[in-house]
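Below is the structure I would like to discuss, written out as structure tokens.
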Amino acid sequence: MNGDTSKVMSIEMAVSRFMSDGAHISIGGFTLNRNPMAAVYEIIRQGFKELHVYAHSNGTGVDELIGAGCVDKLEIAYAGNGKTAATCIRFRKAVQEGTLKVEDYSNFMMSLRFLAGAMGVPFMPTLSGFGSEITTIWGFSKEMRQADPKMADDKLLIMDNPFGIWGDASKVLLVPAINPDVTFVHVQKADTMGTCRIDGLTFADVEQVKASRQVVVSCEELVEPDDLREFPERNQIPFLHVSAVCHVPHGAYPTAVYRHYDYDSDYLRAYAAAAKDDSKFVTFQEKYLYGVQNHQSLLSLIGQERLDAIKADARTGYAVNMKRG
Amino acid sequence: MNGDTSKVMSIEMAVSRFMSDGAHISIGGFTLNRNPMAAVYEIIRQGFKELHVYAHSNGTGVDELIGAGCVDKLEIAYAGNGKTAATCIRFRKAVQEGTLKVEDYSNFMMSLRFLAGAMGVPFMPTLSGFGSEITTIWGFSKEMRQADPKMADDKLLIMDNPFGIWGDASKVLLVPAINPDVTFVHVQKADTMGTCRIDGLTFADVEQVKASRQVVVSCEELVEPDDLREFPERNQIPFLHVSAVCHVPHGAYPTAVYRHYDYDSDYLRAYAAAAKDDSKFVTFQEKYLYGVQNHQSLLSLIGQERLDAIKADARTGYAVNMKRG
Amino acid sequence: MQTQDYSLKEMMAIMAAREIKDGDIVFAGTGISMLAATAAKNINAPNCVIFFETGAIDSIIEELPLAVADPRVMYWSASNTGLLEAFATMQNRITGDRVIAILGAAQIDKYGNLNTTAIGDYHLPETRFSGSGGGCDVASFVPRCIAFMQHEKRKFVEKLDYLTSPGQLQGSGSREAAGLRPGGVNVVITNMAVMRMDSASGEMYLDQYYPGVTPETILDNMQFSVNISQAKQARPPTETELKTLRQKCDPQRLILG
Amino acid sequence: MQTQDYSLKEMMAIMAAREIKDGDIVFAGTGISMLAATAAKNINAPNCVIFFETGAIDSIIEELPLAVADPRVMYWSASNTGLLEAFATMQNRITGDRVIAILGAAQIDKYGNLNTTAIGDYHLPETRFSGSGGGCDVASFVPRCIAFMQHEKRKFVEKLDYLTSPGQLQGSGSREAAGLRPGGVNVVITNMAVMRMDSASGEMYLDQYYPGVTPETILDNMQFSVNISQAKQARPPTETELKTLRQKCDPQRLILG
């Protein structure tokens, strides 16, 4: 370990260095858990537009990006956010108003697409989806796809099982690989070289990271490489895949980070309430997004009392008996 | 956790319950590491024959099975055992004498085949092997394959990339899924329900387990389910996949178990020396295999002194400065 | 019959819990489906294994999660992995054939096909929903799927606006013809009834109607007609079932309200 | 030149180490290839990352492993995963294009194709070897591969008995035609010489001959002829290189003998 720290930078720097208008991006986490919110808010504040976003069920972050008008195209399996929004509100609005182009897949299909990208193969096979209109209705037309070298020409393909009935399958559905330009993930621990240790569920973060050309990691704790080396089997992301490491405590707020803090139901409900009304939403964004300089300022605005209320209990990893109404 | 302990049994019982002549099996580990040797020796002692074995690089165990005449057919990527045998000796002999039918793949291909079995799809795609005679020369003929419902009709298939040049690939190679009847793995820790925690490299054990109809786990430490629940992210094998759990300390001997003990170079070299000569090999087998009643007896024969010599150092997880000649 | 001492949500949760057999691997989603799974675990199927598409297996649900990614599913589980592992567990027949799943939807048709994507034109929908999530995968892989529905005409439709998750498709043999294994939605649990799919025709029929509800009322709340000739009245929740549900499964009344 | 104070094994290890650039991801096998990787790390490429097909990344090699599954590769690594992750790292172009690999073989042909499987008829071989292992995968994926060989006529053959790992196949353009990306063996390091593949024709040529060896001796030890017109004498190991190799990389002389 040479402790090369050239990857360590602020999230502002990482976003400005690796993002660009029109970039194809993905974010880690799942609905209200471990979304890289510091990165998401910084992308919004720096004003990146016309993004092409790949998501499985990354509710909170994706809806904020859509709400801020950053996203042109979205490939997604699920746009909901648990009990706070059965369907993400700004997502719904954008789709219904025709300002967002959407391509629908399932959660497994999206995860397999990241896996294909991570493994360096053009597609992954699955037995999911036969008979579903996911296979027959395309959100992005063939023409639109053919015109963009960053998109596969086909949404997906169905073929007869080339091995006959091997594997008890008559047909297979093939989903094309995704290789985002940039992926943002938030983890509990990262070292200065970029190796990451995730506690709790990994969702599809590892595949998203390995599929990406550039990877920006934000972390609750930034440690020295030696600190993660005694138990290497606990490190799901080796530094080889990581471009930038940003130390951002509470960097997933208002989503949860297992063993660190819970989601903030108050914030998520306030967001949902505001999101339903265009003018209220502008006010909400003015206050929490554009009215703060960075994630630290947002946390100050939220206040220590609320952060204390969502602090994870040492035994369970979440905030026991937290008011979640 | 109800602590249902119905899966807990002796390795003798597990082998006799789940094995049968002609069974398709795989074993975990890699060359001289974490091979389920107690299971392998018990399979040999119980006299199971005509086995069809799937392996990537499971050197020690596979060569013992071949040496004991248990194996008819072998699908494998690598039959070597580190410095003690660049090519496994009984394997080489059996192939050269025509008593063992072999189908050659690469390590990645075999791992992908287990992954396909684990994921429940008929094949996995890869960009490996184009131009290699692995793709053109078949050890098992088409006729032999078609006659056996447990074998795919094709060794592998090459097709044009159905997504055009997506993923920078013009062609893809498809390898068929493996679903062994039984897989044997040896791990550091298992609980009574069958959940496993592996330290160090997992090789392809997790995929082999999930691909298998029955799974026999042997372990250094047998613990209560609650003992593995505080950090569930460290458990690579959930109990859903496991049929039997056998508590066999030193159950991988003479191969290594990270953080428990090293491989025994003395034994491996003695094996290699004996394996080169048919009559010496019979004597060797009489002493170490058939002359002992079970793995415990083998360990007694080996003696505490040798077991002490291979004991893992607490810092490194292996036996520091062990004589390895 | 009018003086029932349980809510319809409670009835639904218990009816679903009764579908779960001891030893089943239960795929649970958010909301009432999690409650039903927890109820089964606490009442009639102590060895059932609750698992989530996010990758948590056999979680200890001390507090009801509000999403499948809630940290409450991660606590004291047998293994915390990820989405790929969770779906592979269902796609793989060795484990997948032991799974029972609970799904929800905006629309269902008489073959148990589900729409969770959009009402109106897909490209410019009147109402957009969350989309498949894992629903399409589960309905493709799992042999026994329960759909939770509100019994309303706009939800039990003649034709789905979008077929997200495959049930019995167009009935007899069409799942297999499409490339699917047998499975998909074969039980529908509503606020009025339990409906099942005929194993030969794939069509929905009325199996049980709740106390106080008539088969005719049920038909009045659907766009399509179903066979009611085998229908019998459902057995209401027992006191023990209700007590466990209320005191052990959702003491905060997050789902029961 | 006859009084060289280094062994040919040491020369080979150092020649290979010099091929490794700082920051490279080095795929190492067993034996001398591990030694070369360790030498590079200790001498000229401190930030190179050694990784193994078994899944260990950036291991700290305090003692030389005798196999890629030796517990000595697991110690203090950045991550201990498995075979799938290791090979995916090479198949994936984002990381794979940064990899340099070291392979060995029983036979090599003039296009750098390797045989590690069998001599004689595949089905009833005269001599059976271990087989591909990860060799075929690495030679398929990795842009720069070094082959370690003993310079003998029976090893540098006109025609391989079995083509296990693809080099340049039949030369110019044939890798791409077969479906492979550019890459495969393009450097051969022997006990006499360093050979390279011409980037246009894909054919082997003599790049460097060791002190005390003539190009003619080299040709005498091969079944096929190669271009020797650009050959120059190799620079022998420096004192520093030798000292590091002996004292830091293999103090037990497990590989150096």
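Scope of the values below: all heavy atoms of this structure, side chains included, with no hydrogens, waters or symmetry mates. The chains referred to below are lettered A, B, ... by the order of the sequence lines, with proteins before strands, and numbering in each begins at 1.
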Check each of B/Gln214, B/Arg213, B/Lys210 against C/Ile94 using the side chain to side chain contact (heavy atoms under 4.5 Å, CB included) test, and report the only one that passes.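 The passing option is B/Arg213.
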Under 4.5 Å from a heavy atom of chain B, the part of C/Met90 involved: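 For C/Met90, no heavy atom lies under 4.5 Å from chain B.
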Let's go through B/Leu240 and C/Phe51 carefully: what are the C-alpha distance in whole Å and the side-chain angles of both, what is the deciding distance for side chain to side chain contact (heavy atoms under 4.5 Å, CB included) to 0.1 Å, and is it a yes or a no? CA-CA 11 Å; B/Leu240 300 179; C/Phe51 94 113; 5.7 Å; no
Heavy-atom distance under 4.5 Å to chain B: side chain of C/Ser77, backbone, both or neither?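 Both parts, heavy atoms under 4.5 Å.
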Could you give the distance from OG1 (B/Thr195) to CD1 (C/Ile57), rounded to the nearest 0.5 Å?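 One finds 8.0 Å between OG1 of B/Thr195 and CD1 of C/Ile57.
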Using modelled atom types and a 3.5 Å cut-off, is there a donor and acceptor pairing between side-chain atoms of C/Gln91 and backbone atoms of B/Met119?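 Pair found, side chain donor or acceptor close to backbone of B/Met119.
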Assess whether atom NZ of C/Lys248 is packed by more than 12 heavy atoms of other residues, nucleotides or ligands within 6.0 Å.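 Not buried by this count: 12 neighbours or fewer within 6.0 Å.
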In residues 177-188 of chain B, which residues are in contact with chain C at a heavy-atom separation under 4.5 Å?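 Listed by number, the contacting residues are B/Asn179.
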Measuring from atom CZ of B/Arg234 to atom CG of C/Asn80, what distance do you get when rounded to the nearest 0.5 angstrom?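 Nearest 0.5 Å value for the CZ-CG distance: 11.5 Å.
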How long is the span from the CG atom in C/Leu84 to the CG atom in B/Leu115, to the nearest 0.5 Å?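 With rounding to 0.5 Å, CG (C/Leu84) is 9.0 Å from CG (B/Leu115).
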So, the side chain of B/Asn235 versus the backbone of C/Ser79: is there a donor-acceptor pair under 3.5 Å, distance only?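 Not confirmed, B/Asn235 side chain does not pair with C/Ser79 backbone.
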Should the heavy atoms of other residues, nucleotides or ligands under 6.0 Å from CE of B/Met144 be counted, would the total exceed 12?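 Enclosed.
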Please name all residues satisfying side-chain contact (heavy atoms from CB on, under 4.5 Å) with B/Asp72, sequence neighbours left out, ordered by chain then number.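 Result, side-chain contact (heavy atoms from CB on, under 4.5 Å) vs B/Asp72: B/Glu50.
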